[in-house]
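As structure tokens, the structure follows; a few thoughts come after it.
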Amino acid sequence: MNRIQTKLREDKKLLSIYFTAGYPNIDDTVTIIKGLEKNGVDMIEIGLPFSDPLADGPTIQASSTQALKNGMTTEVLFNQLKDIRKTVNIPLIIMGYFNPMFQYGVETFCKKCQDIGIDGLIIPDLPVDVYHEEYQAVFEKYGLINVFLITPQTSDERIRYIDSISNGFIYMVSSASTTGTQSGFGEEQTNYFERIGSMKLKNPQIIGFGISNNETFSQATQHAKGAIIGSAFVKYVTNADGIKTIGSFVKSILN
Amino acid sequence: MKLKICGMKYQENMTQVATLQPDYLGFIFYDKSARNFDTSIPQISNSIKKTGVFVNEDLDNVIQKINTFNLQAVQLHGEESPEYCKKLESQNIEIIKVFSIKDEFNFEVLKPYENVCDYFLFDTKGKLPGGNGYTFNWSVLNNYPSTKSFFLSGGIGLERIEDIKKFQQSKASKYCYALDVNSKFEIEPGLKNISILKEFKNKLSNNIMNYNVDEKGYYGEFGGAFIPEMLYPNVEELRQNYLKIMAEPDFKKEFDKLLKDYVGRPSPLYFAKRLSEKYNTKVYLKREDLNHTGAHKINNTIGQILMAKRLGKHRIIAETGAGQHGVATATVCALMGLECIVYMGEIDIARQAPNVARMKMLGAKVVPALSGSRTLKDATNEAIRDWINNPVDTHYIIGSAIGPHPYPDMVTKFQAVISEEIKWQLKEQEGRENPDYVVACIGGGSNAAGTYYHYLHEKDVNIIAVEAAGLGVGSGESAATSVLGKEGIIHGCKTLLMQTNDGQITEPYSISAGLDYPGVGPMHAHLCKTGRAEFMAVTDNDAMNAGLDLCKLEGIIPAIESSHALAIFEQRTFKPEDVVVVSLSGRGDKDLNNYIEYFEI
Ligand SMILES: Cc1ncc(COP(=O)(O)O)c(C=O)c1O
């Protein structure tokens with residue numbers, strides 16, 4: 001069983017954290033991963049930076065731009081992660097846009113992920129249909145779980161379709177927005193969370209976008225298996241002591 | 001199916017073969033071969049993968065050749081082991097391993113290679129390691145046990161076309177990715193016969209060639225809708241409705257009336273007498289510069305604002321580079337009383353002050369794009385992000401034939417009025433609807449798409465697409481996407497785009513803000529790839545001079561974008577009886593500052 005699937009069976013609410021690889025400094029990638037695992041984070045999304053991240057707000061855009069300036073590339077990331085499975089056991093997911101993977105060669109990319117011990121991918125601009133028709137076989141061949149997004153605007157029919165193609169979890173985008181633009185959840189979100197909850201999907205849901213603190217984490221996990229924090233953590237590691245004090249960030253979310 | 005042309009030897013011949021846009025060009029590094037490669041490779045399109053062919057070569061030599069010639073693939077023709085292939089993995093190139101087949105083949109030998117190469121290539125078994133000049137029995141491949149894509153090679157020539165078509169329908173071809181041709185297309189070893197190659201390529205793609213969008217939103221392999229799920233409902237709503245709405249008599253009537261009374265259409269088709277005399281051919285100018293707001297852009301914004309109204313949207317967003325599309329959008333929003341927000345790169349705002357002022361006077365809000373390189377590409381990103389954040393009440397008016405399906409097709413159809421008019425206007429003046437050439441500059445490709453549209457399937461009409469070479473195609477400061485770009489994904493579609501090897505989108509350069517875009521619309525990528533259109537590149541300098549020339553010869557000050565199209569007459573000759581229609585996409589008012597600075601007027 002894939003590490004993501006094993007993790008999803010645990011009887012607890014999951015905290016997943018996104019960070020941009022190669023940010024704030026090129027060699028921070030592994031340090032951050034280890035720091036997150038040590039402090040009890042359940043799952044990590046490693047952001048492969050892209051020049052034109054359409055679905056991201058200012059925080060992740062800026063971290064991506066900086067990471068690229070620092071020299072981050074697909075190959076550099078794979079090299080940094082080469083020995084990651086000697087020490088890290090929690091599920092690792094690469095989140096990135098499709099073009100860099102396409103240029104690397106989708107099959108080569110997947111194979112490399114398998115070699116390293118990556119468990120899944122999140123590719124916001126790879127549409128479900130294209131994945132289904134062209135790439136699903138390759139992803140499965142290399143044991144990778146592809147995670148799809150749904151939003152408050154996604155129709156029930158499409159959610160069922162996405163559920164049928166998924167074999168890990170469904171990434172529930174909390175509201176119609178790019179990353180890092182929300183603050184707090186209102187009634188509209190709660191209704192949406194409840195609507196999805198009542199659909200009894202085969203895949204558990206993890207909520208992301210707009211989760212930044214203990215309050216939003218608790219709200220989200222009342223309705224879902226877990227929650228993902230991105231921009232808030234990227235902002236946190238931007239601070240001088242951020243990387244050294246990952247523990248206090250995680251504590252502030254979980255306690 | 002992809003095409004690889006192998007055994008290149010002579011520089012000029014390489015350049016000619018490259019214009020046929022094969023997917024791979026092969027260079028043989030094997031001194032026992034009559035086609036052994038011993039020169040350098042001229043500048044050819046990045047989308048053509050340069051492939052080194054080796055026979056039991058020392059690994060270090062292979063790596064050295066990869067670096068020296070910037071190879072994107074290697075083809076291994078000897079008894080190279082799986083370990084050997086594995087060692088090449090870190091080079092980040094495609095690895096093609098060759099196996100020779102006669103009447104039967106033991107597919108077991110492929111197994112150890114499954115994970116260490118990207119493709120197999122099946123060649124005819126004969127005396128030589130490749131290049132024996134006859135085909136093997138392709139039905140052997142009926143038993144192909146793998147799912148790895150392969151190249152079919154060995155003695156393929158023009159006379160095999162029918163066999164290839166049969167093969168394509170057979171089970172054996174399921175994983176056939178490319179055809180590899182060589183000796184059957186030669187005048188002498190290493191010297192390819194261009195016209196036979198061209199005929200072969202045309203025959204391969206014939207019957208099936210369609211230059212319009214297919215129902216899934218693709219032009220050949222280009223197009224589609226590579227968008228985040230957050231945009232899916234917006235784009236899907238548009239996709240389901242755009243053709244229906246455009247077909248409504250009511251819509252057509254309103255569109256036509258506005259084009260006539262508000263835009264001032266039809267725009268004249270003007271026979272440029274003195275320009276024609278200078279170049280000894282018949283040049284007609286399609287005067288989009290005379291449209292309201294000064295360019296072709298308004299044809300599209302009129303269409304899209306009517307579309308937005310019928311979809312019940314009341315907030316309009318747009319991106320703009322030079323500000324032409326921004327002005328055209330602000331104009332139609334004023335006309336319809338809708339809210340208008342235009343995203344524009346911070347750098348462009350500074351260099352296009354008059355257009356920023358125009359937009360503001362027209363009631364639009366101009367929002368600076370502060371991310372990335374702060375130019376058109378980033379303004380487009382910002383507009384897309386705005387749409388993600390406002391999925392219900394907002395319509396995004398894209399300014400060129402780019403973006404996720406259905407945008408390229410919708411924009412093309414609104415701009416198609418250009419070629420619709422050329423047809424009857426030329427008939428009036430020349431007694432025939434079809435010119436010999438249609439010429440247009442390409443940024444994203446909307447004026448070009450409109451100029452070509454009704455001629456795409458008219459075989460006697462040659463299509464010329466003119467890209468901005470900036471300071472020169474090889475200078476590092478250029479926007480010639482068809483040469484410098486590779487297949488990839490930008491702003492929601494698969495097309496040719498300028499990018500690093502790592503897939504990061506790069507910043508183009510052109511003196512003309514409207515051509516300063518790192519991609520081309522997917523239709524044009526298809527026209528380029530299939531060879532339907534001839535792509536030319538014009539430098540800043542040549543464009544500026546052609547622009548000034550038009551002022552002096554015809555009393556027309558053209559937009560710098562359009563000047564690029566005019567500059568081709570310096571690059572190539574036409575016959576005296578040829579009728580060449582050039583899209584004069586815009587007027588030069590917006591560029592006066594550029595002209596003043598450039599010529600120190
Ligand atoms: C006058 C003019 N011509 C051409 C273009 C290039 O755009 P497209 O390739 O979409 O026609 C522009 C874009 O701003 C323009 O203003």
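Letters A, B, ... mirror the listed sequences (proteins, then strands); counts begin at 1.
Taking a cutoff of 4.0 Å between a charged side-chain nitrogen and a carboxylate oxygen, Lys529(B) and Glu221(B) do not qualify as a salt bridge. Between Asp348(B) and Arg374(B) there is no salt bridge, since none of the side-chain N atoms of the basic residue sits less than 4.0 Å from a carboxylate O of the acidic one. Of the charged side-chain nitrogens involved, at least one lies within less than 4.0 Å of a carboxylate oxygen, so that Lys313(B) and Glu237(B) count as a salt-bridged pair. Remark: Asp378(B) does not engage Arg385(B) in a salt bridge, criterion side-chain N to carboxylate O under 4.0 Å.
Checked by atom type, the side-chain pair Ser63(A)/Thr20(A) shows a donor-acceptor distance below 3.5 Å. With hydrogens and angles left out, the side-chain atoms of Gln75(B) and Thr51(B) include no donor and acceptor closer than 3.5 Å. When only modelled atom types and interatomic distance are considered, Gln66(A) and Asn70(A) share a side-chain donor-acceptor pair under 3.5 Å. Remark: the Tyr219(B) side chain and the His405(B) side chain contain no N/O donor-acceptor pair separated by less than 3.5 Å. At a cut-off of 3.5 Å, with distance as the only test, a side-chain donor of Glu507(B) or Ser373(B) sits close to an acceptor on the other residue.
If you measure heavy-atom distances from Ser155(A) to chain B, you find no contacts under 4.5 Å at all. Interface remark: Glu133(A) contributes side-chain atoms only to the contact with chain B (heavy atom separation under 4.5 Å). At a 4.5 Å heavy-atom cutoff, the contact between Gln153(A) and chain B is made by backbone and side-chain atoms alike. For Leu497(B), the part lying near chain A is the side chain, with the backbone staying farther off; criterion is any non-hydrogen pair under 4.5 Å. Contact annotation for Asp129(A): neither backbone nor side-chain heavy atoms come within less than 4.5 Å of a heavy atom of chain B. Contact annotation for Pro152(A): neither backbone nor side-chain heavy atoms come within less than 4.5 Å of a heavy atom of chain B. Neither the backbone nor the side chain of Ile123(A) comes within contact range of chain B; no heavy atoms are under 4.5 Å apart. For Asp386(B), no part lies under 4.5 angstrom from a heavy atom of chain A. With a 4.5 Å cut-off on non-hydrogen atoms, Glu236(B) does not touch chain A at all. Both the backbone and the side chain of Phe226(B) come within contact range of chain A, judged by heavy atoms closer than 4.5 Å. Looking at Phe50(A), the atoms closer than 4.5 Å to chain B (heavy atoms on both sides) sit in the backbone and in the side chain alike. Of the atoms belonging to Tyr171(A), not a single heavy atom falls under 4.5 Å from chain B. Of the atoms belonging to Ile505(B), heavy atoms from both backbone and side chain fall under 4.5 Å from chain A. In this structure, the portion of Asn92(B) lying under 4.5 Å from any heavy atom of chain A is its side chain and not its backbone.
The main-chain N or O of Asp163(A) is found under 3.5 Å from a side-chain atom of Asn203(A) such that the two form a donor-acceptor pair.
Ranked by heavy-atom pairs shorter than 4.5 Å toward chain A, the options Pro404(B), Gly488(B), Ala225(B), Gly224(B) are led by Gly488(B). Chain B forms the most heavy-atom pairs under 4.5 Å with one residue out of Thr74(A), Asp125(A), Val130(A), and that residue is Asp125(A). Contact tally against chain A (heavy-atom pairs below 4.5 Å) for Ser90(B), Pro391(B), Ser371(B): the top residue is Pro391(B). Counting heavy-atom pairs closer than 4.5 Å to chain A, the top-ranked of the candidates Lys486(B), Lys494(B), Glu487(B) is Glu487(B). Ranked by non-hydrogen atom pairs under 4.5 Å with chain B, the options Pro49(A), Pro58(A), Ser51(A) are led by Ser51(A).
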* Asked: Can you list the steps and then say if Tyr177(B) with Phe150(B) is a side chain to side chain contact (heavy atoms under 4.5 Å, CB included)?
  -> CA-CA 5 Å; Tyr177(B) 163 78; Phe150(B) 65 82; over 6 Å; no

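Between Phe169(A) and Phe148(A), the ring centre distance reaches or exceeds 6.0 Å.
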